*Asks:* 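Let me begin by handing over the structure; questions about it come next.
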Amino acid sequence: MGYIHCCGGLRKCRTFSLTPRENYVLSELDYLKSCPVCGHTVVQLTRVNTEDNISVIRKVNKKAIDFFKKLKSEILYEIKPQKETIPKGSFYLNYNEYGVRKRCYSNLSALKIGLTENKFLNIAKTL
């Protein structure tokens, strides 16, 4: 899932991988069916050539729909994001520090609960 910039914000959109043409190494098509703010349909084609130059083609509304229909036959697959998984034995620990709620990712084996200051430890104070 990619993002397209529309109406001053990044909007989630569908991303497709296309067969690269001519001297291009990579071609991706981002498709936003409807912007939640303005309602426009936006299509953006991003290509990278053999010299690592990036070219972007962006169409809006009627031209975007026609452009998407034209490129629909060249779509190889839709790029879907992988879900992040939390490894077993780990968890998120919510705690409050100075009035700000924070989230700490920790592993049970590394969690240190009940640590106290050792009063009998002789440490030279340097001031």
Side-chain angles (χ1 to χ4, degrees):
M1 179 175 295
Y3 293 94
I4 289 182
H5 192 271
C6 186
C7 299
L10 292 175
R11 312 292 176 206
K12 288 184 180 179
C13 64
R14 295 173 68 188
T15 303
F16 301 97
S17 179
L18 303 177
T19 53
R21 291 184 182 175
E22 301 160 7
N23 295 330
Y24 292 102
V25 178
L26 176 72
S27 295
E28 288 189 356
L29 181 73
D30 295 321
Y31 176 66
L32 178 64
K33 187 172 185 175
S34 176
C35 176
V37 177
C38 64
H40 289 163
T41 301
V42 182
V43 173
Q44 182 173 317
L45 175 66
T46 307
R47 302 180 295 182
V48 179
N49 66 4
T50 55
E51 298 172 359
D52 291 333
N53 295 325
I54 299 173
S55 65
V56 177
I57 300 171
R58 182 183 171 101
K59 305 282 183 180
V60 180
N61 289 336
K62 177 72 174 141
K63 290 182 180 181
I65 295 169
D66 294 338
F67 190 61
F68 183 71
K69 287 179 183 177
K70 179 182 171 185
L71 294 176
K72 204 169 191 178
S73 62
E74 296 183 24
I75 294 176
L76 295 175
Y77 56 90
E78 182 175 356
I79 300 172
K80 295 194 178 189
Q82 296 179 353
K83 293 182 181 178
E84 294 182 19
T85 58
I86 299 174
K88 292 182 181 180
S90 58
F91 61 96
Y92 284 105
L93 177 65
N94 292 321
Y95 67 97
N96 195 349
E97 182 183 32
Y98 307 114
V100 178
R101 189 169 183 178
K102 293 190 175 183
R103 202 170 198 196
C104 175
Y105 179 77
S106 184
N107 193 343
L108 277 176
S109 62
L111 188 62
K112 298 176 183 176
I113 296 177
L115 290 179
T116 59
E117 183 180 339
N118 189 350
K119 295 178 183 177
F120 304 107
L121 185 62
N122 292 328
I123 299 176
K125 295 182 180 179
T126 56
L127 296 176

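None of the values given here were measured: they were computed from a predicted structure.
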*Asks:* Would you please classify the geometry between the Phe68 ring and the Tyr31 ring as parallel, tilted or perpendicular, with 30° and 60° separating the classes?
*Replies:* parallel
*Asks:* If you look at every heavy atom in Thr15 and Glu28, which pair is closest and at what distance?
*Replies:* CG2-OE1, 4.0 Å
*Asks:* Kindly compute the distance separating CD (Gln44) from NE2 (His5), expressed to the nearest 0.5 Å.
*Replies:* 11.0 Å
*Asks:* Going by the side chain to side chain contact (heavy atoms under 4.5 Å, CB included) test, name the single residue among Thr46, Leu29, Leu26 that passes it with Leu18.
*Replies:* Leu29
*Asks:* Do Leu10 and Val42 belong together in a cluster built from hydrophobic side chains that touch within less than 4.5 Å?
*Replies:* no
*Asks:* Taking atom CD of Glu74 and atom CZ of Phe16, what is their separation to the nearest 0.5 Å?
*Replies:* 13.5 Å
*Asks:* Would you name the heavy atoms of Pro20 and Ser27 that are closest together and state the gap between them?
*Replies:* CA-OG, 3.7 Å
*Asks:* Please report the interatomic distance CD1(Ile54) to CZ(Arg47), rounded to the nearest 0.5 Å.
*Replies:* 12.0 Å
*Asks:* So which pairs with a foot in residues 50-69 pass salt bridge (charged side-chain N to carboxylate O under 4.0 Å, His left out), sequence neighbours left out?
*Replies:* Lys62-Asp66
*Asks:* Using only atom types and a distance under 3.5 Å, with no angle test, would you say the side chain of Arg11 pairs donor to acceptor with the backbone of Cys6?
*Replies:* yes
*Asks:* Within a radius of less than 6.0 Å around CG of Asn23, do more than 12 heavy atoms belonging to other residues, nucleotides or ligands occur?
*Replies:* no
*Asks:* Looking only at non-hydrogen atoms, find the nearest pair between Cys13 and Asp30 and report the distance.
*Replies:* SG-CB, 3.7 Å
*Asks:* Could you see if Val43 belongs to whatever hydrophobic cluster contains Ile57? Use Ile, Leu, Val, Met, Phe, Trp, Tyr and a side-chain cutoff under 4.5 Å.
*Replies:* yes
*Asks:* Decide whether Ile4 and Leu45 are clustered together by the hydrophobic rule: side chain heavy atoms of Ile, Leu, Val, Met, Phe, Trp, Tyr closer than 4.5 Å, transitively.
*Replies:* no
